There are 2 protein chains.
Amino acid sequence: MDRSETLKRAPMFAALPASTLADIGRFFIQSTHQAGDYIFFEEDIAHRLYLVQTGEVKLIKHSAGGQAVILQVFGAGETFGGIASLVGQKYPATAQAQTDVTVLSVSGETFRQIVHRYPDIAFSIIRVMGTRMMETQEQVRQLVAERVERRLARMLLKLADQVGVPVDEGVRIDMPITRQDLAEMTGTTLETVSRTVSRWRRDGIVEAGREEITITHPHGLVLIAEDLEEDNS
Amino acid sequence: MDRSETLKRAPMFAALPASTLADIGRFFIQSTHQAGDYIFFEEDIAHRLYLVQTGEVKLIKHSAGGQAVILQVFGAGETFGGIASLVGQKYPATAQAQTDVTVLSVSGETFRQIVHRYPDIAFSIIRVMGTRMMETQEQVRQLVAERVERRLARMLLKLADQVGVPVDEGVRIDMPITRQDLAEMTGTTLETVSRTVSRWRRDGIVEAGREEITITHPHGLVLIAEDLEEDNS
DNA sequence: CGTCTCGTTGACGAAGCTCAAAATAAGTGG
DNA sequence: CCACTTATTTTGAGCTTCGTCAACGAGACG
């Protein structure tokens with residue numbers, strides 16, 4: 001895909017005229033990373049803004065005890081590392097390629113100049129940050145108020161919305177995703193995820209294989225996610 | 001306190017020259033709220049940006065089951081409701097006065113014009129949002145990785161840092177705060193907070209009364225917060 | 001075919017939530 | 001100042017959810 005084409009898909013730049021996009025596009029460098037590769041680490045000095053072109057990147061925060069939380073998963077058109085690079089801080093989390101990915105990136109310095117030249121971008125940045133902040137706050141609320149099964153149901157529905165593709169059996173999550181990943185996304189353990197998914201499989205709600213999940217009965221998941229779960233006694 | 005004086009204390013406006021502050025200050029309206037008053041509700045259409053002049057305001061997110069999470073506590077110089085009012089969305093959470101407070105506020109429309117006139121503010125907004133985002137992400141990490149006692153210890157230390165005043169016995173949290181509040185700040189229940197605080201009191205780490213806590217042995221708290229807790233067997 | 005990663009399942013325990021009851025503190029109106 | 005009301009806190013008992021530890025199975029890949 002062409003650069004200004006990718007920029008056009010990014011909410012942060014979407015509002016700009018095509019000529020400006022072409023102009024800005026020149027400053028971006030394309031690079032590829034294999035699934036599992038780290039793109040940057042928490043605590044690194046932030047020097048680049050990244051923009052996902054193809055594939056998915058996850059943003060992780062690690063704890064001393066070795067546990068990890070997946071804060072967010074970015075797909076095509078989404079940016080990450082931007083704020084830190086703009087402000088010149090350390091990255092607040094680690095970015096790792098979930099699939100093979102291609103990303104565009106610019107240096108913080110260049111990004112600053114771009115924003116300076118096209119101040120409207122600042123508004124877009126604020127808008128994007130506002131959205132992410134809401135999502136993160138919602139994550140906090142869920143962690144406090146809801147139990148694992150519900151969080152997991154919500155997460156699958158969210159993933160289906162983001163990267164779901166229709167297949168014969170239902171909607172397939174189009175991204176290799178381990179039980180461990182799901183656990184880190186929902187703040188639980190891989191065993192609990194495995195048990196829950198197995199139960200759902202028995203109930204005919206999902207089909208699941210190695211690094212692969214298909215939702216066969218979305219309505220069932222919604223019932224769980226929205227606390228309308230009928231008890232099957 | 002004078003308006004431009006208050007603006008000067010706000011990171012969002014601090015970088016502006018005094019003349020500009022005086023100019024902007026004219027658009028702000030001062031209002032007071034009693035402890036417990038709601039300033040705005042989640043889901044309200046956001047029409048104003050608020051800036052705390054005196055007192056403390058808490059930002060709360062409610063769940064269907066009646067549970068609540070305190071996302072943040074804002075003190076003098078801190079702004080809230082800003083992003084939503086700028087973007088013209090609904091407020092993502094509820095704001096409630098923790099103490100009697102005085103706040104300055106402007107309409108979203110006016111705020112937009114101000115930012116438009118003084119684009120540097122946009123950068124400050126991004127910086128402030130970045131900081132808050134990091135804090136919220138850290139909150140997520142803690143909820144997932146750490147147990148209640150640790151989270152509570154950290155919270156008390158944070159509060160001591162924000163609103164602590166030295167007294168004879170140690171450092172007093174200078175804000176009326178119930179066990180329920182602490183529970184909502186740390187994602188637990190008031191009973192668990194009560195038990196933990198009682199234990200700490202027996203251990204000589206804190207003194208606590210009704211809506212009142214004084215840290216008498218900060219080092220003990222730090223040991224707990226940093227997982228260096230020696231077992232007293 | 002051996003190794004590795006990923007997934008499944010069981011058993012056990014513990015952190016912390018829920019429910020309940022009572023004590024304490026702070027008003028409030030007479 | 002006292003009786004009464006209300007909010008806050010404490011403490012106990014029981015129990016559920018979920019994490020931890022462990023063993024095993026199965027597919028993938030060189």
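For clarity, every value in this text was computed on a predicted model and none was experimentally measured. Reminder, nothing fancy here: chain letters follow the sequence lines and each chain counts from 1.
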Task: Salt bridge R179(A)-E211(A), side-chain N to carboxylate O under 4.0 Å - done: no
Task: E226(B) bridged to R150(B) by N-O distance under 4.0 Å - done: no
TODO: Could you check how far CG of D181(B) sits from P of dT9(D), rounded to whole Å?
DONE: 8 Å
- [ ] Output yes when E207(B) and R201(B) qualify as a salt bridge under the 4.0 Å nitrogen-oxygen rule, no when they do not.
- [x] no
Task: Salt-bridge contact R141(A)-E138(A) (side-chain N to carboxylate O under 4.0 Å) - done: yes
Task: Spacing between L143(B) atom CG and dG16(C) atom C1', to the nearest angstrom - done: 14 Å
- [ ] Establish, yes or no, whether a centroid distance under 6.0 Å links the rings of F40(A) and Y50(A).
- [x] yes
Task: Atom pair distance, as rounded to whole Å: CG in L182(B) and P in dT10(D) - done: 11 Å
Task: dG16(C) phosphate, OP1 or OP2, under 4.0 Å from T189(B) side-chain N/O - done: no
Open item on the list: For the residue pair T214(A) / E212(A), report whether a side-chain donor-acceptor contact shorter than 3.5 Å exists.
Closed with: yes
Task: Check ion pair K61(A)-E42(A) (N to O, under 4.0 angstrom) - done: yes
TODO: Decide, yes or no, whether a salt bridge links E184(B) with K58(B) under the criterion of side-chain N to carboxylate O below 4.0 Å.
DONE: no
Taking only N/O atoms, report every protein-nucleotides 7-9 of chain C pair under 3.5 Å with atom names and distance.
unit_1, atom_1, unit_2, atom_2, d
dG7(C), OP1, E211(A), N, 3.1
dG7(C), OP2, R179(A), N, 2.9
dT8(C), OP1, R201(A), NH1, 3.1
dT8(C), OP1, R201(A), NH2, 2.6
dT8(C), OP2, R179(A), NE, 2.9
dT8(C), OP2, S194(A), OG, 2.9
dT9(C), OP2, S198(A), OG, 3.0

- [ ] Starting from the first five and the last five pairs of the helix from dC1(C)-dG30(D) to dG30(C)-dC1(D), work out the angle between the resulting helix axes, to 10 degrees.
- [x] 40°
